[in-house]
Structure formats: structure tokens, C-alpha cells
Amino acid sequence: VQLVESGGGLVQAGGSLRLSCAASGMISSINTMGWYRQAPGKERELVAAISSGSSSYYANSVKGRFTASRDNAKNTLYLQMNSLKPEDTAMYYCAAGADPIVVVITEGFVTWGQGTQVTVSS
């Protein structure tokens, strides 16, 4: 499986961005997909995850502001980010795996994209 992210950029605080992650290859092996982020000097954080059955997980820091969705016909994962804050600034990575969402939340994903930078100015 290959994952390619897009949609990052520079936005002012309070603004919105939508990230996309296009999956290719062994698509049938994918169960759960998700978004991580990592800011300089900080640990990697699982932001959101969504299973093939549409079960979802969100980090407390983004609940109510971010929404993950999947378009299975396009093999694409999205992350709609609203009410962005400067602390949301990070490199955002798409990830995918064959395990159920309850597993990947703790064990992590197998396949990763290259990342897309999101910068929120104050």
C-alpha cells in the first residue's frame, strides 16, 4: 500500500484546511486509516482514525474541530480541520493498516505516507 498526502499549507488561526490521503496498491488489505501529527520537539500524536466500518477515534485535542472521513470509491482518506489553532501546527501523516481500530489506536499503523505540513499562524 502506498499513501500520498496533500492539502497542507499555511492558514490563520480560526481557519480551515482539508487534508487528503490517496491510497494505492493492496487497497483490499486496508481496514483502518488514520492521521498522525508531529510538531518539532514533540512526540507523535494520533489525531484521528477511522475504520472501514466507519468507527472513529479522535484525540481530545481535536474533538469537535476535526473530522475524518473516507471515500472508498476513490480510495481516499480526508481530514477536515476547522477552528485551527497555532498548536495544530505540525507535519501531518496519513497511515493505514489491516488491524481493527481498537488495535491500531494502541499498536499503531504499518504503512505511512510522507507527510504534509500544516502551519497555523496566530
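Only a predicted model underlies this, so the values are computations on that prediction, with no experimental measurement involved.
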Output for pair (S122 OG, K85 NZ), nearest 0.5 Å, gives 14.0 Å
Please check: side-chain N/O of N72 versus main-chain N/O of N75, any donor-acceptor pairing under 3.5 Å? no
From Y57 OH over to K63 NZ, what is the distance, rounded to the nearest 0.5 angstrom? 7.5 Å
If you measure from CE on M91 to CD on Q114, what distance do you get to the nearest 0.5 Å? 9.5 Å
Can you tell me if S61 uses its side chain to pair, donor with acceptor, with the backbone of A59 under 3.5 Å? no
Mark yes when over 12 heavy atoms from residues, nucleotides or ligands other than E87 sit less than 6.0 Å from its CD; otherwise mark no. yes
Does the side chain of S16 pick up a donor-acceptor pair with the side chain of N82 at under 3.5 Å? yes
Considering non-hydrogen atoms only, spot the tightest contact between T89 and Q117 and give its length. CG2-NE2, 4.0 Å
When rounded to the nearest 0.5 angstrom, what distance separates CZ in R65 from OG in S83? 7.0 Å
Return the orientation label for the W112 and Y93 ring planes: parallel under 30°, perpendicular over 60°, tilted otherwise. perpendicular
How many angstroms lie between OG1 in T119 and CD in Q12, if you round to the nearest 0.5 Å? 13.0 Å
Side-chain donor-acceptor contact under 3.5 Å, S20 with E5: no
Side chains of I30 and R70 in contact at under 4.5 Å (non-hydrogen atoms): yes
Heavy-atom side-chain contact between L79 and F66 under 4.5 Å: yes
To the nearest 0.5 angstrom, please state how far the CE atom of M33 sits from the CD1 atom of I101. 12.5 Å
Is there a donor-acceptor pair under 3.5 Å between the side chain of T32 and the backbone N or O of S51? no
Looking at G97 and F109, what are the two nearest heavy atoms and their distance? N-CD2, 3.6 Å
Taking it one step at a time, do L19 and T116 satisfy side chain to side chain contact (heavy atoms under 4.5 Å, CB included)? CA-CA 8 Å; L19 305 184; T116 185; 4.0 Å; yes
Hydrophobic cluster membership, with links at side-chain heavy-atom distances under 4.5 Å among I/L/V/M/F/W/Y: are V102 and L46 in one? yes
I want to check something: taking the side chain as every heavy atom from C-beta on, are C21 and Y78 in contact at a cut-off of under 4.5 Å? no
Any link between V118 and L77 through a network of hydrophobic side chains (Ile, Leu, Val, Met, Phe, Trp, Tyr) touching at under 4.5 Å? yes
Without hydrogens or angle criteria, can the side chains of R37 and Y92 be said to hold a donor-acceptor pair below 3.5 Å? yes
Would you say V104 ends up clustered with L3 if hydrophobic residues are merged whenever their side chains have heavy atoms under 4.5 Å apart, either directly or through other cluster members? no
Is there a side-chain contact between V1 and S29, using heavy atoms and a 4.5 Å cut-off? yes
For A68, does its backbone N or O pair with a side-chain atom of Y58 as donor and acceptor, under 3.5 Å? yes
Spell out, yes or no, whether I50 and L17 are grouped together once hydrophobic residues are joined by side-chain heavy atoms under 4.5 Å, including indirect joins. yes
